Q: 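To start, I am sharing the structure in question, which I have written as structure tokens.
Everything quoted here is computed from the prediction, not taken from an experiment. Proteins get letters first, then strands, A, B, ... in listed order; numbering begins at 1 in each.
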Amino acid sequence: MTDASAAPDIAIEVKGLTKSFNGREVVHDLSMQVKRGSIYGFLGPNGSGKTTTIRMLCGLLTPDSGEGTCLGYDIRRDADKIKRQVGYMTQRFSLYQDLSVRENLEFVARLYGVPNARAAAREMIERLGLSGREEQLAGELSGGWKQRLALGACTLPNPQLLLLDEPTAGVDPKARRDFWNEIHGLAADGLTVLVSTHYMDEAERCHEIAYIAYGTLLAHGTVDEVIAQSALATWVVTGDGLGALAHELAGKPGVDMVAPFGTSLHVSGRDHAALEATLAPYRSGGGQHWQHGAPSLEDVFIELMSRTKDNFQ
Amino acid sequence: MSATDRGAGRIPPVKPPRFGFLRRTYAMLAKELIQLRRDRLTFAMIVVIPVMQLLLFGYAINTTPRHLPTAVLLQEDSDLGRSILKALENTAYFKFVHEVQSVEEFDNLLLSGKVLFGVEIPRGFERAVRRGEKPALLVAADATDPVAAGSAMSALGQIVQTALEHDRVAGDPGNPPFEIRAHARYNPAASSRLNIVPGLVGTILTMTMLIFTALSVTREIERGTMENLLAMPITPVEVMLGKILPYVGVGFIQASLILGIGVLLFGVPLRGSLPMLAALSTLFITTNLAIGYTFSTLVQNQLQAMQASMMFFLPSILLSGFMFPFAGMPIWAQYLGECLPLTHYLRIVRAIMLKGSTLENLRYDALALAALMLIAMTIAVTRFRRTLD
Ligand SMILES: Nc1ncnc2c1ncn2[C@@H]1O[C@H](COP(=O)(O)OP(=O)(O)OP(=O)(O)O)[C@@H](O)[C@H]1O
Ligand SMILES: [Mg+2]
């Protein structure tokens, strides 16, 4: 634990992680730092390398290059020690479908050496609100219940770090809110949580976020910092003929992104001067209401993604 | 699930609990047992396959040969000779298809396979019997089909005795007036059906044990549960033991079932010690499980696992001495055979059941089984992929 005492407030610290599959690089030179006790959101489009990165953090994949520590343990050499203190919730349900809720939890408890596995499993069943279903086979649970069981299984051994890979995919809003309350409760107790998600509202509930696309970490920091870093200027347009307007503006100089949001249209660009110049004739045209707005996290991400796409394809 | 449920004082795990190895192995074992119980197909396989195979093969082998094509070389035309031949044919074991005049013809028929059996009544046979000279009645059998030849031969003595009584030439049955000189050609050590039922025990166990574990790791990979398992603090040795041990019990039940049927239904004797047979059978079962598990760690999917098992099973049948006498195989095949657990187990099970051998006699084969088991386990543990790379 020498490393851990050197930086006791850092849970994850990795530098230059790279991973290729069949000659295709899916994680490229990725560095990140996660503070202990914080909730770290991991965002990025499908196939951007989130799952791959998480697997490298808990020793399930060996990075081609790069190094780092997880809870103070070297991710290459000390995978065994890391596994003892990390709860990993896989993206795809990976508990045993032919085991009941109780049997799955008891199995996990025994593997981690939780004293009195039966009692621990029973307690977890109650906390998860699964009482009455403990003898149901895990494979017969609904999607949301499966997610809940999986979260229960990975928190059961009292880990210090939770790696949650899209834990709320396909979960209803109420359950999602409960889930996040639980996560915040755990973090308040000192647990570190790294959670990947596609939901913007969840990103906003994280202490820090990182955005990854095509295997490259593009932005990280608090939500406000990420929005500020993007230096994106956004106009919010309301009124008539928004559809036609969106069509016209797309691809014009300075306009990086046009996106309808309900009854309004968000027009954003990084090059403020060019954006102003392009928009000036439309703004004076009337009929629509133009207003400076703060870009949303989603604006920032979509813009980041479209920018990197140009670099990669 | 709310944050307030949790006590404020989270105690981080200080040190790994004691007996971690046993605990984790037990966890794995308990899990496998539950899954085994729920998997009806596998469960059926445990009982149905061995019983079915044993009955099928056992009875197929047990079938008394009928109408074996037989040649007769009658060198004298006597009442006694005729009477013996009549008695032979009446049993329906034999069917005289050729009556030949010369020894050469007789040999050719056997060589070409036109007959499987030959009876020769030598010149001056009846006279010699009446004088009490104990002449020889020569019987030749093509023992390449040991089952057919063997049971026909064993029936012969009795038949001839009956024939003699009928002709009132016989004195006392304990001292027949002539000698039957049986010559099992091509396969002098004609193995009998008693030899084959114990062999079936080994063959059936090889097949079922291999398949049980050959699928175990690939199943976890294909169902996606491997990712979760690998993320937990369990070592390859613990996974292996947890997956093998439940099936040792299963194999033990199977072996008892098969041996029980063999003894009760097919009258195979058990001359040696039962505890020793049980112990060495358990060793053999574990060796096969370890080999199946090793395949499971080497292949990519369940189909390949099945193919690997078959690739192992076929030579086991052919080169172990189950199908063909081991001593008759070329040296290279014998070396290959020595690497197969079935070879050693066949010697063990035959020796214990039929000959009443002791552990002292079987030390080499027992050690060979143990060595094969350890080699397989070492490969399995070192080849077990601990990551998803
Ligand atoms: N074992 C593997 N073998 C080959 N390619 C892989 C493997 N695992 C992942 N990939 C590829 O790596 C890329 C990144 O995958 P990854 O699962 O990390 O993405 P992700 O960010 O988790 O995506 P999603 O949001 O859809 O879950 C994908 O293009 C995927 O096809
Ligand atoms: Mg993923």
Q: Might you confirm whether atom OH of B/Y26 has over 12 heavy atoms from other residues, nucleotides or ligands at distances under 6.0 Å?
A: no
Q: Are there more than 12 heavy atoms of other residues, nucleotides or ligands under 6.0 Å from atom CD of A/E204?
A: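 Correct, the count exceeds 12.
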Q: Quick check on the interface: out of A/V86, A/D98, A/I82, who has the most heavy-atom pairs with chain B under 4.5 Å?
A: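 It is A/D98.
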Q: Check whether A/K81 gets within reach of chain B through its side chain, its backbone, both or neither, counting any heavy atom under 4.5 Å.
A: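 A/K81 has no heavy atom closer than 4.5 Å to chain B.
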Q: Under 4.5 Å from any heavy atom of chain A, what part of B/R386 do you find: side chain, backbone, both or neither?
A: both
Q: Around B/M276, counting heavy atoms of other residues, nucleotides and ligands shown, do more than 12 lie under 6.0 Å from its CE?
A: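 Yes.
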Q: Which atom pairs, one a donor and one an acceptor, fall under 3.5 Å between side chains of residues 224-238 of chain B and the rest of the protein, sequence neighbours left out?
A:
from, atom 1, to, atom 2, distance (Å)
B/T225, OG1, B/E220, O, 3.2
B/T225, OG1, B/E220, OE1, 2.9
B/E227, OE1, A/R55, NH2, 3.1
B/E227, OE2, A/R55, NE, 2.8
B/E227, OE2, A/R55, NH2, 3.1
B/E227, OE2, A/Y88, OH, 2.5
B/N228, ND2, A/S94, O, 3.4
B/T235, OG1, B/E238, N, 3.4
B/T235, OG1, B/E238, OE1, 3.2
B/T235, OG1, B/E238, OE2, 3.4
B/E238, OE1, B/R24, NE, 2.7
B/E238, OE1, B/T235, N, 2.9
B/E238, OE2, B/R24, NE, 3.0
B/E238, OE2, B/R24, NH2, 2.9

Q: Applying side chain to side chain contact (heavy atoms under 4.5 Å, CB included), name anything that partners A/R205, two or more places apart in sequence or on another chain.
A: A/R177, A/W180, A/N181, A/H184
Q: To the nearest 0.5 Å, tell me how far A/L111 CG sits from B/R23 CZ.
A: 11.0 Å
Q: Output the residues of residues 249-262 of chain B for which the shortest heavy-atom distance to chain A is under 4.5 Å, in residue-number order; output 'none' if no such residue exists.
A: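 No residue falls under the 4.5 Å cut-off.
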Q: Let me confirm one number: the CD-CZ distance from A/Q97 to B/R223, rounded to the nearest 0.5 Å.
A: 8.5 Å
Q: Output the distance between atom CE (A/M56) and atom CG (B/D389), rounded to the nearest 0.5 Å.
A: 9.5 Å
Q: Please check if atom CZ in B/R383 has more than 12 non-hydrogen atoms from other residues, nucleotides or ligands closer than 6.0 Å.
A: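 No, the 6.0 Å shell around CZ holds no more than 12 heavy atoms from other groups.
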Q: Heavy atom to heavy atom, less than 4.5 Å: which residues from residues 57-66 of chain A reach chain B?
A: A/G59, A/L60, A/L61, A/T62
